[in-house]
Amino acid sequence: MEKMDVLSDLQQIELLKCLPVKTLKKYLPYFYFRSYKKNQLLFMQGDPRDKIFFLLDGYVMYERSSQDGSMLYLDFIKKNQMFPYGGIFQDHVYQDTAIAVTDVHLYFIQTHVVEELLKANPKQLLYIISKLSDILNLHQKRVQKILIPNAQERVLHSLQFLMEDLGEKDGAGIVIPCPLTATNISKLSGTTRETVSLLMNQLKRENILSVTGKKITIHQPDYFKSI
């Protein structure tokens, strides 16, 4: 790829767009372009944390499991985001497994190079701190909702989080372009696949949402805000 194409791609990333062009050009030789097919692993929980990724398009899913194999955590990354944020300057291994939900295109850079860039550019370092704070607040809200005893309410709250995090406006509604399965939503909400399927079918009948090719369209976004 031409350097100016790389430069243009990287300037779409929130962390990098405010960097002076001269500074970003200095780091261009350290960025490597890669494509991954749907369901390919980018890295596994426990692998050396030697790369930081910048997603250009598609979706990536985080999974984290306990030693006995039970699911502890599930999350999604959308385009123009850096990942992983967690563990910057600290972790030596990845805390999650990253899987391509769709075909994806991205750049990666060695972790120590990113950390060097951040140390030399206070504005980017402050952005990372702010982003980590946002992630922490989001996860605290998710934990509070997941502790609700009612399984159907947990599913509704999970759909709300997905809508707010991944949703894109489509007329009066909101489309979640990331292909999601009932199993994904059940893991996110700590319920069974059957509970998710039953509730989703009910929401379809009430025209609150529809599903086409694993993509969810929320026709009544305010329904979830009133939960």
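Only this structure's heavy atoms are used, side chains among them; waters, hydrogens and symmetry mates stay out. Positions are given from 1 along the sequence.
- Between Q11 and V21, the closest side-chain pair of non-hydrogen atoms falls below 4.5 Å.
- Looking at N121, its side chain never comes within 3.5 Å of a backbone N or O of K123 through a donor-acceptor pair.
- Atom CG of D5 is separated from atom CZ of F33 by 10.5 Å, given to the nearest 0.5 angstrom.
- Looking at heavy atoms from C-beta onward, Q40 lies out of side-chain contact with V104 at the 4.5 angstrom threshold.
- Side chains of L209 and F224 form a contact here, defined as non-hydrogen atoms less than 4.5 Å apart.
- Atom CG of L10 is separated from atom CG of L19 by 10.0 Å, given to the nearest 0.5 angstrom.
- Using a distance-only test at 3.5 Å, with no hydrogens or angles considered, no donor-acceptor pair links the side chain of R193 to the main chain of T183.
- Heavy atoms of other residues, nucleotides or ligands lying less than 6.0 angstrom from NZ of K204 number more than 12.
- Counting heavy atoms from C-beta outward, T102 and K38 have side chains that stay 4.5 Å or more apart.
- Partners of Y27 according to the side-chain contact (heavy atoms from CB on, under 4.5 Å) rule, which considers only residues two or more places apart in sequence or in another chain, are T23, Y30, F31, V113, E116, L117.
- Here the side chain of E115 pairs a donor or acceptor atom with the backbone of F89 at under 3.5 angstrom.
- Applying the side-chain contact (heavy atoms from CB on, under 4.5 Å) rule to H139 yields the partners Y73, D75, I135, R142; only residues at least two apart in sequence or on another chain are considered.
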Exercise. Show your working on side chain to side chain contact (heavy atoms under 4.5 Å, CB included) between I218 and I216 and close with a plain yes or no.
Key: CA-CA 6 Å; I218 310 292; I216 300 172; 3.7 Å; yes

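- The minimum heavy-atom distance between T195 and A151, with the atom names listed, is CG2-CB, 4.1 Å.
- For D170, the side-chain contact (heavy atoms from CB on, under 4.5 Å) test picks out V175, with sequence neighbours left out.
- Taking both residues in full, the closest heavy atoms of S197 and A182 are given as OG-CB, 3.9 Å, listed atom of the first, atom of the second, then distance.
- Linking Ile, Leu, Val, Met, Phe, Trp and Tyr whenever their side-chain heavy atoms come within less than 4.5 Å puts V114 and L132 in one cluster.
- Closest of all the heavy-atom pairs between V101 and P179 is CG1-O, 3.6 Å.
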Taking only distance into account, with no hydrogens and no angle test, what donor-acceptor pairs under 3.5 Å do side-chain atoms of residues 49-61 form with protein atoms, sequence neighbours excluded?
unit_1	atom_1	unit_2	atom_2	d
R49	NE	G86	O	3.3
R49	NH2	P84	O	3.2
R49	NH2	G86	O	2.8
D57	OD1	H105	N	3.2
D57	OD1	H105	ND1	3.0
D57	OD2	H105	ND1	3.2

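- A donor-acceptor pair is defined here as one N or O able to donate and one able to accept, closer than 3.5 Å; no such pair exists between the side chain of S130 and the backbone of Y127.
- When all heavy atoms are compared, the tightest approach of E63 to K187 is OE2-NZ, 3.5 Å.
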Quiz item: Can you list the steps and then say if L156 with L199 is a side chain to side chain contact (heavy atoms under 4.5 Å, CB included)?
Solution: CA-CA 9 Å; L156 290 172; L199 182 58; 3.9 Å; yes

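- Using a 4.5 Å heavy-atom threshold, the side chains of I129 and S133 count as separate.
- When side chains are defined from C-beta on, V196 does not count as touching N184, because their heavy atoms never get closer than 4.5 Å.
- Environment of NZ in K214: sparse, with no more than 12 heavy atoms of neighbouring residues, nucleotides or ligands closer than 6.0 Å.
- Of the inter-residue distances, the one linking Y94 atom OH with Y62 atom OH reads 9.0 Å to the nearest 0.5 angstrom.
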Exercise. Would you please test R205 and L203 for side chain to side chain contact (heavy atoms under 4.5 Å, CB included) and show each step?
Key: CA-CA 5 Å; R205 289 193 297 271; L203 296 174; over 6 Å; no

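- Annotation: ring-ring contact (aromatic ring centres under 6.0 Å, His included) contacts of F108 (sequence neighbours excluded): Y32.
- One finds the CG atom of D96 at 11.5 Å from the CG atom of D47 (value rounded to the nearest 0.5 Å).
- Within a 6.0 Å radius of NZ in K37, other residues, nucleotides and ligands contribute 12 heavy atoms or fewer.
- Closest heavy-atom contact between S158 and S189: OG-CB, 3.1 Å.
- Applying the side-chain contact (heavy atoms from CB on, under 4.5 Å) test to N207 and every residue at least two apart in sequence or in another chain returns H219.
- Separation of atoms CG (L188) and CG (L180) is listed at 8.5 Å; rounding is to 0.5 Å.
- Side chain of R154 to backbone of I148: a donor-acceptor contact under 3.5 angstrom is found.
- Taking a 6.0 Å sphere around NZ of K78, one finds it holds more than 12 heavy atoms contributed by other residues, nucleotides or ligands.
- The same ILVMFWY cluster, assembled from side-chain heavy atoms under 4.5 Å apart, contains both L28 and Y107.
- Salt bridge absent: K131 and E14 never bring a charged side-chain N and a carboxylate O closer than 4.0 Å.
- Across every non-hydrogen atom of K169 and G171, the tightest pair is NZ-O, 3.5 Å.
- In this structure, N201 contributes its side chain and L198 its backbone to no donor-acceptor pair below 3.5 Å.
- Using a 4.5 Å heavy-atom threshold, the side chains of R34 and L42 count as separate.
- Put simply, NZ on K22 and NZ on K26 are 10.0 Å apart, with the number rounded to the nearest 0.5 Å.
- Hydrophobic clustering (ILVMFWY, side-chain heavy atoms < 4.5 Å, transitive): M163 and L138 are in distinct clusters.
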Exercise. Might you work through the side chain to side chain contact (heavy atoms under 4.5 Å, CB included) test for K141 and F161, ending with a clear yes or no?
Key: CA-CA 9 Å; K141 290 177 183 177; F161 284 127; 4.1 Å; yes

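- You'll find the side chain of I176 stays beyond 4.5 Å of the side chain of F76, heavy atoms only.
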